[in-house]
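All values reported here derive from a predicted model rather than from experimental measurement.
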Amino acid sequence: MNPFNAEDRPTGSPKRRANSRRTFLFKIALLVDGAVGAVLAVPILGYILGSSLKKGSSYNSWVSLGAVSEFPEGETRLVDYRNPVTAPWDGQTGNVACWVRRISGEQFQIFAINCAHLGCPVRWFAQSKLFLCPCHGGAYYADGSRASGPPLRGLLSTSTRSPAAN
């Protein structure tokens, strides 16, 4: 008895088996998997390498709010500036408002315009020396700390020296 009968032998040539439907679908699956992997790799690499690519940009640079002479000592003024991290198609949404208070000499304090409670724009009232929120009655002192109302903290602020003084 021969273990290899004629009926048991594989039919077709080896070349025909290499170009079978299974091989074709396997190659298509590899191609699709590679494309999906490339599409997923782009945002992941952007996330990983993004901080190193932004070092040369204007992300962490000074933003000019005006000449020092435009801000009298002890007064608070509303200033608009262009966000340095915007795209050209952002339009008016790229403009940001902030409150600037000149403490003395070259020292300034800059406040976010938004209330710490719900983000409503606060207004400065020079007579009472308070920032007041029209939405829920939040009040802040001239230094941005919480005076009263629903906000649990003061306005977001930063103190700085004029870049011209450095």
*Test side-chain contact (heavy atoms from CB on, under 4.5 Å) applied to Tyr140 and Val122, step by step*: CA-CA 9 Å; Tyr140 304 91; Val122 296; 4.0 Å; yes

_Shortest non-hydrogen contact between Pro151 and His117, atoms and distance_ = CG-CB, 3.8 Å

*For residues 93-158, pull every pair meeting disulfide bond (SG atoms under 2.5 Å apart), keeping only residues two or more places apart or in separate chains.*
Cys120-Cys135

*Is there a side-chain contact between Phe108 and Val68, using heavy atoms and a 4.5 Å cut-off?*
yes

*Out of curiosity, Phe125 CZ to Leu130 CG, how far, rounded to the nearest 0.5 Å?*
9.5 Å

*Consider only side-chain heavy atoms of I, L, V, M, F, W and Y, link residues closer than 4.5 Å, and tell whether Trp124 and Ile113 are in one cluster.*
yes

*So, for Glu70 and Pro72, which heavy atoms are closest and what is the spacing to 0.1 Å?*
O-CD, 3.4 Å

*Distance-minimising heavy-atom pair for Pro150 and Gly137*: CD-C, 4.4 Å

*Should Leu78 and Leu155 be regarded as members of a common hydrophobic cluster, given that ILVMFWY residues are connected when their side-chain heavy atoms come within less than 4.5 Å of each other, either directly or indirectly?*
yes

*asked:* With a sphere of 6.0 Å drawn around OH of Tyr141, does it hold more than 12 non-hydrogen atoms of other residues, nucleotides or ligands?
replied: no

*asked:* Using every non-hydrogen atom in the two residues, find where Asp143 and Ser145 come nearest and quote the distance to one decimal.
replied: OD1-OG, 2.7 Å

_Non-hydrogen side-chain atoms of Gln109 and Thr158 separated by less than 4.5 Å_ = no

*Can you name the closest pair of heavy atoms from Arg153 and Ala116 and give their distance?*
NH1-CB, 3.5 Å

*Taking C-beta and beyond as the side chain, do Phe131 and Arg123 meet within less than 4.5 Å on heavy atoms?*
no

_Which residues pass the side chain to side chain contact (heavy atoms under 4.5 Å, CB included) test with Asn114, not counting sequence neighbours?_
none

*Group every Ile, Leu, Val, Met, Phe, Trp and Tyr by side-chain heavy-atom contacts under 4.5 Å, then state whether Phe111 and Leu65 land in the same group.*
no

*Treat each ILVMFWY residue as a node, draw an edge where side-chain heavy atoms are under 4.5 Å apart, and state whether Leu49 and Ile44 are in one component.*
yes

_Same cluster or not: Ile110 versus Val63, using hydrophobic residues (I, L, V, M, F, W, Y) connected whenever any side-chain heavy atoms lie under 4.5 Å apart?_
yes

_I'd like to know whether CG of Leu152 has more than 12 heavy-atom contacts from other residues, nucleotides or ligands below 6.0 angstrom._
no

*Using the salt bridge (Lys or Arg N to Asp or Glu O under 4.0 Å) rule, collect all pairs that involve residues 76-91, keeping only residues at least two apart or in two chains.*
Glu75-Arg77

